[in-house]
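See structure below.
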Amino acid sequence: MSGIRPRRPVAEQGLLDIMGMTSDEFVAASFEQGVPRGRALQAYRTMFREGRFEGDWFGIEDPPVNRREVEGQTTKFTLALGDDHETESVLIPMHHRKHGTTRTLCVSSQIGCAMGCEFCETAQMGLVRNLSAGQIVSQWWAATHRVDTTVKNMVFMGMGEPMDNLDEVLQSIRVLTDHNGPAVPSSNISISTVGRIDGINRVAEFVKQPGYHRLNLAISVNAPNDRIRSELMPINRAMKMSELQEALLAFPLRGGAAFCAEYVLIPGVNDGDDHCDELSRWLEPLRCSLNVIPYNPRRDSPWPAPEEHDVERFISRAIANGCFVKRRGTKGRDVMAACGQLGNPEIRRRKRVEGSGLVQPVVEGRSLKVDPR
Ligand code: SF4
């Protein structure tokens, strides 16, 4: 259990701060203001279970939620943060043979991103700022109580690199899994990372705590070797694929679980047969599934989307090489809701105000300075 986080009285905090508290933290902070524990706990449950606010210490209004339906029932929604910024989230329908259709919520952990991946629309913004735990949890709350959707799974795959804002991401997971709150099973939550090894090591420690051992980890691999990966993903200039593999091998995966290795398939860049074979060899010692994502061209992209027959060829070859392969569609392309396409165009050119200290984007243009550790 984390320490008591709120330092300001609950009454002075906004809704988005309050949503960053676990029930224990909320009850303790409310109790300090004279609110009986039982009443505070009831208010916490009502906020998360029914989307209503009880008690006069909730002197707050709903944050404005804007939503837009797109193809195949994919919904993108934004949540105004009151500082001229907004979170962006996507609700994606997942069709299962046995369970019908469920919804996966893709949440943002930052506004913009400092990681500068070449294929990614969000990278064009640079990092504007981190989101707080409450601002992350509020995306679940808005999806559930204002967009009125039952969310089954959550993936940290929206704007931002979760490992670049890990304190807030882990706190949001404590809240999301709180039985008095959203009660999302940790097995239904995935953190997707560009491959920050320091972050992977911290998550490895986090999942050793009771209640979190079923948390899932997805890695954006996107290349078969260091040469291509360093061109596509600046993080690889600091953290090589061999080090990434080592960190994943040391990760305490629960029995029967597997990593998800994401691979954005880009024509002429990483989609050759030799690329597939090299990737398969890199994946071989890891317990993982390979998630092939046909490239979804960002604005001013130098690459087109791959041809269907090339996607099928790559997947068939990976299967023949012994990989367990899934294919992800690119739902929501027409509202900039597809993978690697989140990012409000109006704020895309805003300058970075804070960063990880590892990869520091130069604010004009797309060049990056990378710590050569
Ligand atoms: S792919 Fe992910 S980590 Fe890379 S720039 Fe985009 S949002 Fe950031």
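Start at 1 and go down the list; that is how both ligands and their atoms are numbered.
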(request) Classify the ring geometry between F48 and W140 as parallel (under 30°), tilted (30 to 60°) or perpendicular (over 60°). (result) tilted

(request) Could you tell me whether any N, O or S atom belonging to C120 is less than 2.8 Å from atom 6 (Fe) of ligand 1? (result) yes

(message) Using a 4.0 Å cutoff against the non-hydrogen atoms of A123, which atoms of ligand 1 qualify?
(response) 5 (S)

(request) Report the member of G160, P234, G116 with the shortest heavy-atom distance to atom 7 (S) of ligand 1. (result) G160

(request) Look at the N, O or S atoms of C113, main chain and side chain alike, and state whether any lies under 2.8 Å from atom 8 (Fe) of ligand 1. (result) yes

(request) Could I get the full list of side-chain hydrogen bond (donor to acceptor under 3.5 Å, both in side chains) partners for Q245, not counting sequence neighbours? (result) none

(request) Would you mind listing which atoms of ligand 1 come within a distance below 4.0 Å of any non-hydrogen atom of M115? (result) 3 (S), 8 (Fe)

(request) Flag the pair R317 and D274 as a salt bridge only when some basic side-chain nitrogen lies within less than 4.0 angstrom of an acidic carboxylate oxygen. (result) no

(request) Kindly assign one of parallel, tilted or perpendicular to the pair F53 and W141, based on the angle between their ring planes and the thresholds 30° and 60°. (result) parallel

(request) Answer yes when R229 and D226 have at least one side-chain N-carboxylate O distance shorter than 4.0 Å, and no when they do not. (result) no

